[in-house]
Amino acid sequence: MARRQHVTAVFALAVMALITLSYMLRSAPRLPNGPEVPPHVLSGGVIAPKLENATAKAELGRASWKLFHTMMARFPEKPTDDEKLALKTYITLFARLYPCGDCARHFQQLLAKYPPQVGGRNAASGWACFVHNEVNKRLKKPEFDCTKLDYDCGCGEDEKREKEEKAEDLKERGISLETEGYSRGG
């Protein structure tokens, strides 16, 4: 009789463990092959302190904008839902982890007002240029003409071939690049 109670107790514990495990796996997103990502990680505050060195701050800004715009220019034209989520998560974490605390706080405010557009390359590039210009306004810097976005990432022949194919397609449809202009970012 005692053996039967022992088997029943072990079975009950196993069922409870399975239920608990399945709940835990469903409740928090996971990084591929990595740990769970609690929701507060994506919505948390700025991590870095204020960056006092103006020269380092300016250099960091130039490099960060180059990376940011190049990433948007390389984003797929027709992204999958997974790719859209990946870019939105990247932008959110970029704003949280940016090494200049004040800059990060301002960028988080921009994201709250102008959420990332991740519907495709043109939407992402245009959005990035728009928020970059919002930063430029705050810093009293000149605005950049978003119709002239054409980041050369040094990606080689694939990028060159893609541009040539796009130009040929436009030509076949009767659109002249000299007249209409060529824009990577919308």
Side-chain angles (χ1 to χ4, degrees), residues 24-155 159 162 181-186:
M24 287 172 52
L25 291 175
R26 278 185 294 146
S27 64
R30 296 182 67 84
L31 293 175
N33 301 319
E36 294 178 1
V37 180
H40 72 273
V41 170
L42 296 175
S43 61
V46 170
I47 292 174
K50 181 177 182 177
L51 184 60
E52 298 289 343
N53 183 316
T55 303
K57 192 178 195 176
E59 187 177 324
L60 174 65
R62 284 189 295 277
S64 297
W65 283 122
K66 172 106 174 139
L67 169 67
F68 202 72
H69 287 296
T70 302
M71 185 156 314
M72 302 307 157
R74 300 286 297 160
F75 193 61
E77 273 299 335
K78 296 178 181 172
T80 65
D81 288 342
D82 181 62
E83 291 165 338
K84 291 175 187 177
L85 178 61
L87 182 59
K88 193 171 186 175
T89 302
Y90 172 83
I91 293 167
T92 302
L93 290 174
F94 180 88
R96 184 163 187 221
L97 292 166
Y98 194 74
C100 168
D102 285 346
C103 307
R105 255 183 293 291
H106 288 126
F107 199 67
Q108 282 187 332
Q109 291 169 357
L110 277 175
L111 293 182
K113 190 171 183 180
Y114 307 107
Q117 301 300 303
V118 296
R121 179 181 302 148
N122 286 337
S125 293
W127 172 84
C129 189
F130 174 80
V131 295
H132 188 165
N133 278 330
E134 290 296 307
V135 170
N136 283 351
K137 283 180 199 174
R138 187 179 61 76
L139 298 175
K140 296 179 177 41
K141 290 184 175 183
E143 275 192 39
F144 183 77
D145 183 357
C146 292
T147 63
K148 294 184 178 174
L149 279 179
D150 190 14
Y151 281 88
D152 180 10
C153 65
C155 301
E159 187 78 13
E162 182 182 313
Y182 181 75
S183 170
R184 281 289 265 160

Under 3.5 Å donor-acceptor pairs involving side-chain atoms of residues 85-97, not counting sequence neighbours:
residue, atom, partner, partner atom, Å
T89, OG1, L85, O, 2.8
T92, OG1, K88, O, 2.8
R96, NE, G45, O, 2.6
R96, NH1, V41, O, 2.7

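Between K57 and C103, the shortest heavy-atom contact is CE-SG, 3.6 Å. In terms of heavy atoms, A48 sits closest to P99 at CB-O, 3.4 Å. Contact record, R121 with M72: CG-O, 3.5 Å, taken as the closest heavy-atom pair. Nearest heavy-atom pair, W127 versus P116, reported as atom, atom and distance to 0.1 Å: CE2-CA, 3.5 Å. Residues G119 and A123 approach most closely at N-CB, 4.2 Å, considering heavy atoms. The two residues A128 and W65 come nearest to each other via the heavy atoms O-CZ3, 4.3 Å.
Considering only residues two or more places apart in sequence or on other chains, T55 meets the side chain to side chain contact (heavy atoms under 4.5 Å, CB included) condition with N53. With sequence neighbours left out, the ring-ring contact (aromatic ring centres under 6.0 Å, His included) criterion links F130 to Y114. Among residues two or more places apart in sequence or in another chain, the side chain to side chain contact (heavy atoms under 4.5 Å, CB included) test is passed with P115 by none. Considering only residues two or more places apart in sequence or on other chains, E143 meets the side chain to side chain contact (heavy atoms under 4.5 Å, CB included) condition with N133, K137.
With ring centers used as reference points, Y98 lies 6.0 Å or more from F68.
At a threshold of 4.5 Å between non-hydrogen side-chain atoms, the residues Q108 and V46 count as touching.
Within a 6.0 Å sphere centred on CD of E83, other residues, nucleotides and ligands contribute more than 12 heavy atoms.
Contacts classified as salt bridge (Lys or Arg N to Asp or Glu O under 4.0 Å) and involving residues 100-119 (residues at least two apart or in different chains) are given here: K50-D102, D102-R105.
For the atom pair R138 CZ and E134 CD, the distance stands at 10.5 Å (nearest 0.5 Å). Atom SG of C100 sits about 9.0 Å away from atom CD of E52, to the nearest 0.5 Å.
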